[in-house]
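Right, one structure below, let's go through it.
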Amino acid sequence: MNLKMPYIRIVVIGALICLLPLVLSTFYMHIAVLVLIWAFLACAWNIIGGYAGQHSLGNGLYMGIGAYTVAYLVNRFNLTPWVGLVVAIILSAAAAAFIGWIVFRYALKGAYFALVTIALTEAAVYVVSNIPALGGAGGMQMEYRGNSLAYMQFAGQNGYFYMGVVLVVFILLLTQWYKRKRFFYQLIAVRENEDAAEALGVDTVKAKIKANVMSGVLCAVGGVFYAQYFLYVGPRSVFGEVVSVQILIYAIVGGLGTTWGPVVGAVLLVPLSEITRGQLGNSFPGSQLLLYGLVMVLTMMFMPFGIMGLADRLRQRWQHRSATPLVDSQGGEAS
Amino acid sequence: MNLNFSGAVLSQAVASGIMLGGLFALMSIGLTLIWGVMKIINFAQGEFLMVALYLAYFLVARGHIDPYITIIITVPFMFFFGIGIFRATISPILKDPVMNQIMLTLGVSLILQNLALMLFSANVQSVNTRYSTWNIHLGSVVISGTQLIALVGSVLCTLGVWYFLKTTDSGRAIRASAQNPTAATLMGIDVPRTYLLAFGLGSATLGLAGSLMIPFYYTSPTVGVFLGLIMFIVVVLGGMGNLLGCFVGGLVIGLAETVGAAVFPGSLARVFTFSIFIIFLLFRPQGVLSKRQT
Amino acid sequence: MTAMLEVRGLTRRFGGLVAVNDLTFEVNEGEMIGLIGPNGSGKTTTFSMLSGALRPSSGTIAFNGERIEGLKANKVCRKGLARTFQVVQPFPDITATENVMIGAFVNTGGGRQAEAKAREELERVGLTPKADTLAKELTLLQLKRLEIAKALATEPKLLLLDEVAAGLTSTEVDVMLKLVRQLNTEGITCIIVEHVMRFVMNLSHRCIVIDFGSQIAEGTPEEVLNNPAVHAAYLGEEASIA
Ligand SMILES: Nc1ncnc2c1ncn2[C@@H]1O[C@H](COP(=O)(O)OP(=O)(O)OP(=O)(O)O)[C@@H](O)[C@H]1O
Ligand SMILES: [Mg+2]
């Protein structure tokens with residue numbers, strides 16, 4: 001297969017998506033922006049969760065750092081969000097590096113890693129709620145200053161939409177590019193078998209810390225975007241367990257450790273949940289998360305590799321079969 | 001930060017901490033069994049407790065049953081509730097990677113939380129019973145009678161589960177299946193059934209917790225989020241599967257919460273609790289009591 | 001000239017059990033060393049310490065004159081000391097080529113170069129037909145070859161082979177024998193742990209025998225085979241020594 005093909009596909013699909021504002025109403029444009037925000041965050045989580053196989057349940061921490069940094073700097077110092085973005089990247093990188101260093105140095109894995117990341121993101125909720133300068137439990141509103149790229153604010157959804165498309169195309173290209181590089185191969189090796197990876201010269205601790213930083217920084221960027229779109233940040237809307245689970249749900253349903261999986265997951269689930277909320281939200285609060293819970297249970301039971309994972313597997317099986325028509329005589333389980 | 005730190009405040013905080021610790025230990029016994037012993041991960045354990053609390057709440061508030069009598073309903077109900085959930089969801093993917101179990105049970109917790117939200121609204125519900133005003137005064141320190149009962153219940157439940165695991169055939173089967181499922185099968189133990197039993201029991205203890213808690217605690221759809229995390233913290237602190245450790249872990253976290261609340265403003269005490277947990281996971285993952293291995 | 005590998009007083013305890021006890025030996029460049037001993041005598045534990053997977057309780061390991069005991073496995077590997085695992089350790093959900101690429105990335109950052117290197121190593125161990133098969137779908141023999149290809153891709157100067165012939169049929173053993181001999185002629189120094197005596201005896205220039213973690217004999221294959229202490233250690237395992 002042509003090695004350029006995946007990149008071309010990403011750019012072409014991205015370009016086609018840019019036509020959507022011509023056909024969608026305001027309500028659906030709002031949903032489209034939400035899809036892009038969550039797709040971006042899920043792609044960011046996919047690096048640590050999908051490729052490196054370290055299922056962080058606390059990436060809301062980094063999203064929150066991004067969102068709160070930009071909101072605070074804009075509100076308090078009247079800075080442009082672009083400066084906020086840079087500061088958010090620095091802060092989230094520092095936090096992710098420090099947490100990763102501690103957690104992976106002590107070889108926390110599986111359920112323990114998941115629990116520590118929940119504890120951290122929940123701790124952030126309580127810390128932020130107790131800091132009056134950050135708006136306490138009520139969070140912070142941001143002021144609308146007018147339609148301008150310098151303010152990273154737009155009238156209507158279209159501006160945000162194009163920004164979201166750029167972000168998602170960027171993270172897809174990044175993922176696709178890294179997939180052919182040593183770094184991602186090392187992450188996959190860590191996920192598949194840590195002892196074997198170490199024995200083959202992979203510094204597993206360093207690889208995991210790097211993945212955590214990359215994932216964290218990108219989640220913070222997603223958080224900045226989120227804050228600029230809603231012009232509001234609250235402790236539980238950007239930090240905390242529920243947001244963290246929401247970030248990863250799209251990646252899991254779409255397919256862990258695949259380039260497109262998180263996007264596919266977000267494209268399917270976000271509109272579904274927004275429409276459910278629109279229809280049932282008033283009479284049945286919680287219908288959206290109930291739906292997510294159901295989808296998560298069903299995915300784990302019947303499709304643990306997610307949609308793209310399943311597609312990959314089917315394709316592999318198909319290629320395998322067409323390449324070697326007879327059952328491999330040496331086939332059989334290696335005991 | 002206002003450090004309002006007087007002797008009376010501190011002794012009250014310690015007394016309340018011990019009471020709260022008993023409560024934390026009580027609700028964590030089930031997870032000690034399910035996760036600590038059987039290594040089944042259930043991130044919906046907090047929501048199971050939420051279900052038990054709602055059941056106890058309705059029995060007391062609507063059914064006008066004495067809270068301590070509701071035990072005969074909540075315990076068997078939670079036993080079968082646990083078994084039902086286990087059969088339908090967890091048991092089919094028991095051999096899948098740990099993370100799949102985490103994600104699946106997180107899904108279950110989302111379902112239960114939001115079902116409760118739909119059915120019972122987001123309101124915090126609590127109930128007044130004739131025990132509610134029963135307080136015991138020890139000098140300047142006040143202890144709530146219902147909390148004392150929960151503490152006693154916690155001790156008895158710990159002993160009961162310990163006795164069950166040590167002496168009965170089913171208990172031995174549980175320990176054998178947890179240690180080595182293959183060997184247990186060879187010894188004629190029905191391993192899948194044993195898992196089911198252990199999970200049911202772990203869930204049933206939450207029925208007891210629900211009934212003992214409702215006279216002084218509250219319930220809401222999200223009550224299980226925090227309590228569930230506390231359960232995991234207590235089990236880690238106690239050392240996976242260590243019942244006595246679970247009790248000590250409960251006390252440590254109970255004290256951390258109340259003493260923390262006396263020292264730190266607002267809900268920052270929570271941060272203190274989480275910090276203790278993370279420090280323990282990093283430096284003493286084997287728990288408070290057990291000796292370091294290797 | 002100093003030896004490539006110098007091991008002094010290497011010891012490892014597991015609780016009360018002394019798995020490896022005060023081992024001292026040297027390996028020179030270009031040598032093929034057989035490390036043999038009955039089940040549970042501490043061979044794999046020795047390999048784990050040499051490769052950095054396990055910290056020695058005491059003792060020193062010098063590789064090309066540099067002390068490496070206590071270094072992490074990835075550092076040891078990057079110094080040119082690679083190992084295969086007795087219980088094969090593939091990366092199950094990626095292809096054979098990608099498995100080997102992980103090792104190849106020790107010496108190159110580029111995906112294309114790593115893939116070329118990986119295909120080369122697969123060719124060398126005779127796995128080319130399975131290059132694009134997922135590792136979890138390979139047979140035991142194929143996985144054992146994959147183990148070697150992975151280790152070779154890191155371009156080791158010293159290769160530790162842990163029971164690469166175990167569980168193979170007689171013809172398969174011959175194939176493996178040829179492969180390992182080939183590696184040696186290409187200049188890779190090897191330490192071979194093996195219960196299949198035909199394999200070790202044919203390949204080794206020198207054998208070290210351990211029992212209960214301690215060295216009980218050292219010498220050419222013939223000397224070792226005729227050593228009464230070795231016979232005593234293997235008593236009850238006569239079948240495998242013949
Ligand atoms: N991680 C460990 N913890 C405790 N004991 C161990 C551990 N690893 C090995 N042992 C013990 O150390 C001893 C040596 O084991 P080792 O695997 O090195 O033997 P071996 O010579 O490779 O045996 P075999 O020929 O069966 O592969 C054995 O008694 C084993 O039970
Ligand atoms: Mg061995």
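So that the names make sense, note that chain A is the first sequence line, chain B the second, and so on, each numbered from 1.
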Largest heavy-atom contact set with chain B, pairs under 4.5 Å, which of [options]:
| options | result |
| --- | --- |
| A/Leu298, A/Leu108, A/Leu115, A/Ile118 | A/Leu115 |
| A/Val103, A/Val116, A/Val295 | A/Val116 |
| A/Leu289, A/Asn130, A/Val297 | A/Asn130 |

message = Any non-hydrogen side-chain atom of A/Tyr112 less than 4.5 Å from a side-chain atom of B/Val236?
response = yes

key: Any side-chain heavy-atom pair of B/Phe43 and A/Val245 under 4.5 Å   = no

Non-hydrogen atoms of chain A under 4.5 Å away: do they reach the side chain of [X], the backbone, both or neither?
| X | value |
| --- | --- |
| B/Ala44 | neither |
| B/Phe272 | neither |
| B/Ile93 | side chain |
| B/Ile102 | side chain |
| B/Leu281 | both |
| B/Val108 | both |
| B/Ile41 | side chain |

If you draw a 6.0 Å radius around [atom1] in [X], do more than 12 non-hydrogen atoms from other residues or ligands fall strictly inside?
| X | atom1 | result |
| --- | --- | --- |
| A/Arg313 | CZ | yes |
| B/Phe226 | CZ | yes |
| A/Lys206 | NZ | no |

For [X], is it the side chain, the backbone, both or neither that has a heavy atom under 4.5 Å from a heavy atom of chain B?
| X | answer |
| --- | --- |
| A/Ala114 | side chain |
| A/Glu122 | both |
| A/Leu57 | side chain |

Closest non-hydrogen atom pair between [X] and [Y], with its separation:
| X | Y | value |
| --- | --- | --- |
| A/Met301 | B/Ala88 | CE-O, 3.1 Å |
| B/Asn100 | A/Pro304 | ND2-CB, 3.5 Å |
| B/Trp35 | A/Ala111 | CZ2-CB, 4.1 Å |

So how far is it from [X] [atom1] to [Y] [atom2], rounded to the nearest 0.5 Å?
| X | Y | atom1 | atom2 | result |
| --- | --- | --- | --- | --- |
| B/Met99 | A/Met300 | CE | CE | 8.5 Å |
| A/Ile249 | B/Leu110 | CD1 | CG | 6.0 Å |
| B/Asn114 | A/Leu294 | CG | CG | 10.0 Å |

key: side chain to side chain contact (heavy atoms under 4.5 Å, CB included) between A/His55 and B/Met103, worked out   = CA-CA 9 Å; A/His55 295 222; B/Met103 295 301 159; 3.7 Å; yes

Stepwise side chain to side chain contact (heavy atoms under 4.5 Å, CB included) check, B/Leu104 with A/Met296 = CA-CA 6 Å; B/Leu104 179 127; A/Met296 195 124 131; over 6 Å; no

Most chain A-contacting option - heavy-atom pairs closer than 4.5 Å, from B/Asp96, B/Leu112, B/Leu106 = B/Leu106

request  = Kindly assign one of parallel, tilted or perpendicular to the pair B/Phe283 and A/Tyr106, based on the angle between their ring planes and the thresholds 30° and 60°.
outcome  = perpendicular

